[in-house]
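In what follows, a structure is listed as structure tokens, so that the remarks can point back to it.
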Number of protein chains: 2
Amino acid sequence: MPSSVRYSGCMVAESRPRRRTGGRSAVVLTSIRKAVEELIAERGSEGVTIPMVAERARVNHSSIYRRWGDARTMINDLATYRLDPDRGLPDTGDLRADLTAWTQELISHYSIPVNAALLRGGAAAAGESESDCLRDRQAEAAGFAARPGSTFTGDEVIDRVVAPIIYRAIFLPWTLPEVDARTYVDELCHRSA
Amino acid sequence: MPSSVRYSGCMVAESRPRRRTGGRSAVVLTSIRKAVEELIAERGSEGVTIPMVAERARVNHSSIYRRWGDARTMINDLATYRLDPDRGLPDTGDLRADLTAWTQELISHYSIPVNAALLRGGAAAAGESESDCLRDRQAEAAGFAARPGSTFTGDEVIDRVVAPIIYRAIFLPWTLPEVDARTYVDELCHRSA
DNA sequence: ACTATAACGCACAGAACTTGGCATTAAGCC
DNA sequence: GGCTTAATGCCAAGTTCTGTGCGTTATAGT
């Protein structure tokens with residue numbers, strides 16, 4: 001979990017300065033995350049400023065500036081790890097069923113307004129450098145494509161399953177709860193079957 | 001072209017105060033548009049401020065504040081009309097060929113970094129209110145679905161053609177020039193053939 | 001429990017952004 | 001051409017954001 005946190009700019013290789021991730025820091029982080037998610041749901045991904053977050057989180061703004069530097073980086077970082085990359089993927093042996101479950105998980109996740117708003121913030125920061133809040137999702141897609149019995153590529157999972165969901169989450173959020181996971185997965189599998 | 005321009009807030013119905021769209025105003029608008037596109041390509045959709053645009057466009061910043069109010073609104077407005085809605089769609093009688101041409105047009109358009117960056121800015125502002133910089137694209141998709149001989153719905157055009165392109169334009173821009181318009185269109189048509 | 005120091009809070013200064021009043025220019029319409 | 005007034009330019013606060021030095025707190029490791 002490197003994220004794009006700045007903090008102590010130790011670039012000399014000698015024994016990294018062992019970060020402090022527990023206790024107070026964890027409380028502060030949780031508090032900030034909550035504030036960001038509330039604000040982003042209220043005001044959209046832009047329009048969220050660091051002083052604003054600091055006030056709601058009851059944290060000093062300098063803590064936020066030191067940790068992320070700017071609002072864009074902060075939002076993108078929080079958006080990236082909103083869906084735990086270590087949560088474990090469905091793996092029952094039935095690839096199509098697993099893929100359908102995963103797809104449904106995506107749909108449910110982005111149907112929640114907060115997550116969709118965070119995604120929009122990530123979209124705004126995408127394209128430049130290493131900021132891609134969907135990289136975990138893309139890795140998961142590639143993982144499914146690599147499983148035995150797969151008849152599709154990772155790119156096809158992106159195009160046929162991930163893209164429609166993300167597109168709707170961003171631009172047509174009210175249509176997302178209506179879409180059917182199975183439809184997407186069936187087409188993905190049919191194509192090459 | 002209602003856009004979300006503010007200007008004279010005349011809400012009483014009596015004869016609207018006839019806007020001035022030509023001459024100097026047009027020059028100013030063109031200059032602003034150019035500046036926004038340059039800046040957004042350089043610095044991303046966020047990180048573009050109104051004073052910044054004003055300076056590069058050699059326009060007074062108060063003119064921009066009065067016209068749009070804030071950077072988000074401005075960017076979304078400019079992004080919406082980047083692809084002229086009145087440009088005319090291909091219509092040779094061969095639906096599949098027309099659709100392929102349109103798809104290729106989309107791919108080419110969003111392969112240009114400026115347009116992709118504007119799209120990201122639009123994505124950031126999406127979801128709230130009436131701001132959707134892709135509404136024209138969605139209308140065009142529905143138009144194709146409504147043509148005689150069509151075997152698909154507008155939603156299917158969105159899911160199978162538009163979504164993959166937009167997804168890649170936003171999150172995987174370097175992969176966009178590689179995608180093939182025909183592949184998307186073929187799958188859209190095959191499905192229900 | 002003890003030590004070193006990562007991370008935080010506080011305060012202040014400098015920069016940047018917003019906003020409105022007022023004067024000037026010129027687009028739209030006879 | 002002459003009139004009305006939309007739109008711009010200029011300026012001057014007022015507000016908010018950004019960034020840094022310094023002292024304090026309490027986490028990670030022994």
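Within every chain, numbering begins at 1; the chains are lettered A, B, ... in the order of the sequence lines, protein sequences first and strands thereafter. Note that the coordinates shown come from a computational prediction; the quantities given were computed from them, not determined experimentally. Side chains are part of it too, since the values below use all heavy atoms of this structure and drop only hydrogens, waters and symmetry mates.
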Which parts of residues 57-67 of chain B get close to DNA chain C, meaning a heavy atom less than 4.0 angstrom away?
B:His61, B:Ser62, B:Tyr65, B:Arg66

Taking atom CZ of A:Arg182 as the centre, does the number of heavy atoms from other residues, nucleotides or ligands within less than 6.0 Å exceed 12?
no

Near B:Arg87 CZ, under 6.0 Å, is it more than 12 heavy atoms from other residues, nucleotides or ligands?
yes

Between A:Arg120 and A:Phe171 (side chain of the first, backbone of the second, donor and acceptor by atom type, cut-off under 3.5 Å), is there such a pair?
no

Measure CE/B:Met52 against P/D:dT18 and give the value in whole Å, please.
11 Å

Please report the distance, rounded to the nearest Å, between CD in B:Glu46 and C1' in C:dA16.
17 Å

Only residue of A:Ile50, A:Asn60, A:Asp70 satisfying side-chain contact (heavy atoms from CB on, under 4.5 Å) with A:Tyr65 is A:Ile50

Could you give the CG-to-C1' distance, from A:Asp70 to D:dC17, as a whole number of Å?
12 Å

If I take atom CH2 in residue A:Trp68 and atom P in nucleotide D:dG19, what distance separates them, rounded to the nearest angstrom?
16 Å

Is A:Glu55 atom CD crowded by more than 12 heavy atoms from other residues, nucleotides or ligands, each under 6.0 Å away?
no

For a side-chain hydrogen bond (donor to acceptor under 3.5 Å, both in side chains) check, start with the C-alpha distance between B:Gln104 and B:Thr100, then their side-chain angles and the critical distance, and finish with the verdict.
CA-CA 6 Å; B:Gln104 186 54 56; B:Thr100 305; over 6 Å; no

Can you build the contact string for nucleotides 24-30 of chain D? Use B for base contact, S for sugar-phosphate-only contact, and - for no protein heavy atom under 4.0 Å.
-BBBSS-

Starting at atom CD1 of B:Ile50, determine the distance to atom P of D:dT16, rounded to an integer number of angstrom.
17 Å

In terms of side-chain geometry, is the basic nitrogen of B:Arg67 or B:Asp77 positioned less than 4.0 Å from the acidic oxygen of its partner?
no

Check for a donor-acceptor pair, side chain of B:Arg20 on one end and backbone N or O of B:Ser25 on the other, with a separation under 3.5 Å.
no

Starting from P on C:dA27, measure out to CG on B:Leu29 and report it in whole angstrom.
14 Å

